[in-house]
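Inspection log for the structure reproduced underneath, given as structure tokens.
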Amino acid sequence: MLRVKRIGPRDDLRGVVASINSARWDAANDMVPYRVEDLAAYLACAGTVFLTCEDGEHFLGMGSGRIQLKPYDRERWFYLDELDVAVDQRQRGAGVALVKGFLELARAEGCIELWLGTELDNAAARALYRSLEPSDEEAFVGYNFRL
């Protein structure tokens, strides 16, 4: 049975980081080693959310995002920034469980919508998100400015 857990600053961050760093990732995950102090700093920021997914025996994946406030009407929305499933744990439902976990959390926090994006060539992620029947699917071009 899959278990999605929200990780907070008081959780065993060393254990979480060890699980992440010992999982198998591929180039699509663009993964760098996690450090306890980095995860602690992330969790200390207001509105940030970090979820993990395990099956009791294996670490399957994780995701991160944040609750945002629009600059008008005080509308809250959720931005799902990262979603990663270990390469040897895919097709087991972890991606679906994590997205559903974020959707439940965003609803409970009073968010009006959840927004996420992925690369056009990431067929697996696009199929996952479509399977969850989003309200909208948009094509867009993203720009990255390295500083």
Side-chain angles (χ1 to χ4, degrees), residues 1-70 75-144:
M1 177 164 179
L2 299 184
R3 188 181 94 156
V4 173
K5 180 181 180 191
R6 182 174 185 175
I7 303 299
R10 295 178 190 213
D11 285 309
D12 173 18
L13 300 185
R14 288 192 193 291
V16 172
V17 166
S19 293
I20 293 168
N21 288 339
S22 65
R24 289 195 39 223
W25 306 105
D26 62 8
N29 293 111
D30 197 25
M31 191 65 61
V32 297
Y34 269 56
R35 298 181 324 158
V36 172
E37 55 272 19
D38 295 336
L39 182 55
Y42 176 81
L43 294 171
C45 295
T48 58
V49 178
F50 193 87
L51 300 182
T52 60
C53 183
E54 299 177 359
D55 67 1
E57 195 175 324
H58 303 97
F59 177 87
L60 283 72
M62 65 197 168
S64 60
R66 60 193 164 275
I67 297 168
Q68 300 286 109
L69 185 65
K70 294 196 183 238
E75 291 180 339
R76 293 163 62 94
W77 62 285
F78 194 90
Y79 171 65
L80 178 49
D81 186 43
E82 294 282 337
L83 187 75
D84 290 295
V85 176
V87 69
D88 59 339
Q89 300 298 327
R90 294 182 184 152
Q91 301 296 313
R92 298 192 53 214
V96 169
L98 284 163
V99 174
K100 285 183 175 181
F102 281 112
L103 288 166
E104 288 173 21
L105 184 139
R107 277 188 203 97
E109 292 287 337
C111 296
I112 61 166
E113 65 185 357
L114 180 143
W115 189 93
L116 61 84
T118 191
E119 295 78 13
L120 290 173
D121 64 350
N122 190 338
R126 292 178 70 196
L128 164 66
Y129 302 140
R130 277 191 189 124
S131 76
L132 293 166
E133 301 178 358
S135 307
D136 242 348
E137 181 178 342
E138 301 175 18
F140 74 95
V141 177
Y143 297 91
N144 185 10

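Quantities reported herein were computed from a predicted structural model and do not represent experimental measurements. Numbers here are sequence positions counted from 1.
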Sole candidate of Y79, W77, F102 that passes side-chain contact (heavy atoms from CB on, under 4.5 Å) when paired with L114: F102
Distance-minimising heavy-atom pair for K100 and L132: CE-CD2, 3.8 Å
N/O donor-acceptor pair under 3.5 Å between R126 side chain and L120 backbone: yes
L13/I7 under side chain to side chain contact (heavy atoms under 4.5 Å, CB included): CA gap, chis, key distance, verdict: CA-CA 8 Å; L13 300 185; I7 303 299; 3.7 Å; yes
Approximate separation, where rounding is to 0.5 Å, of R92 CZ and C53 SG: 8.5 Å
CG-CG distance between L98 and L51, expressed to the nearest 0.5 angstrom: 6.5 Å
Rounded distance [0.5 Å steps], CG in D26 versus CZ in R90: 4.0 Å
Neighbour count above 12 (heavy atom, 6.0 Å) for E37 CD: yes
W25 side chain to V32 backbone, donor-acceptor under 3.5 Å: no
K5/E54 salt bridge by N-O under 4.0 Å criterion: no
Carboxylate-amine/guanidinium contact K70 E113, below 4.0 Å: yes
Spatial distance of atom CZ (R24) from atom CE (M31) [nearest 0.5 Å]: 13.5 Å
Nearest-0.5 Å distance, CZ of residue R130 to CG of residue L128: 11.0 Å
Nearest-0.5 Å distance, OG of residue S64 to CG of residue L83: 9.0 Å
Enclosure of F140 CZ (heavy-atom neighbours >12, cutoff 6.0 Å): yes
